[in-house]
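Before any comments, here is the structure.
When reading the values below, keep in mind they use all heavy atoms of this one structure, side chains included, and skip hydrogens, waters and symmetry mates.
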Amino acid sequence: MHQLRKHMAGMGTPILGDRKYRTNSHSDEAGALFLWACSIAFDHPVEGRRVRVHEDPPNKFLSILSKEEKRWTRVKLKESQGNVPPP
């Protein structure tokens, strides 16, 4: 998990709620890592059939994600105006 966290943060897309590799974000509000997969598929170990599972994101995830999107919009606007260095 550590390698994924470091890699994602290095790309400028840290995992939501990551306190170790966070940038200025709502990480403290999240209270946990918010790494979520909308779907996953795997071969059933006994039956051999393909199993696909889809799950909608939790409401708390959506709430914090919305706040992050708004924050990044403000950051990018300021960057385009030359007001702040990139995070």
Quiz item: When you look at CG of Asn59, are more than 12 heavy atoms from neighbouring residues, nucleotides or ligands closer to it than 6.0 Å?
Solution: no
Practice problem: Name all residues meeting the salt bridge (Lys or Arg N to Asp or Glu O under 4.0 Å) criterion together with Glu47; count only those two or more places apart in sequence or in a different chain, and write none if there are none. | Solution: Arg49
For [X], enumerate each residue passing the side chain to side chain contact (heavy atoms under 4.5 Å, CB included) test, keeping only those at least two apart in sequence or located in another chain.
{"X": "Thr13", "answer": "Met8, Met11"}
{"X": "Val46", "answer": "His44"}
{"X": "Ala41", "answer": "Arg50, Arg52"}

Quiz item: Step by step, would you call Ile15 with Leu4 a side-chain contact (heavy atoms from CB on, under 4.5 Å)?
Solution: CA-CA 9 Å; Ile15 296 171; Leu4 177 62; 4.2 Å; yes
Practice problem: Please confirm whether the backbone N or O of Ser63 pairs with a side-chain atom of Ser66, one donor and one acceptor, at under 3.5 Å? | Solution: no
Quiz item: If every non-hydrogen atom of Trp36 is compared with every non-hydrogen atom of Pro58, which pair is closest and at what distance?
Solution: CD1-CD, 4.2 Å
Practice problem: Nearest 0.5 Å please: distance from the OG1 atom of Thr73 over to the CD atom of Glu68. | Solution: 10.5 Å
Quiz item: Which value, rounded to the nearest 0.5 Å, describes the distance between Ile64 atom CD1 and Arg71 atom CZ?
Solution: 12.5 Å
Quiz prompt | Sequence-distant partners of Asp56, side-chain hydrogen bond (donor to acceptor under 3.5 Å, both in side chains), two or more places apart | solution = His54
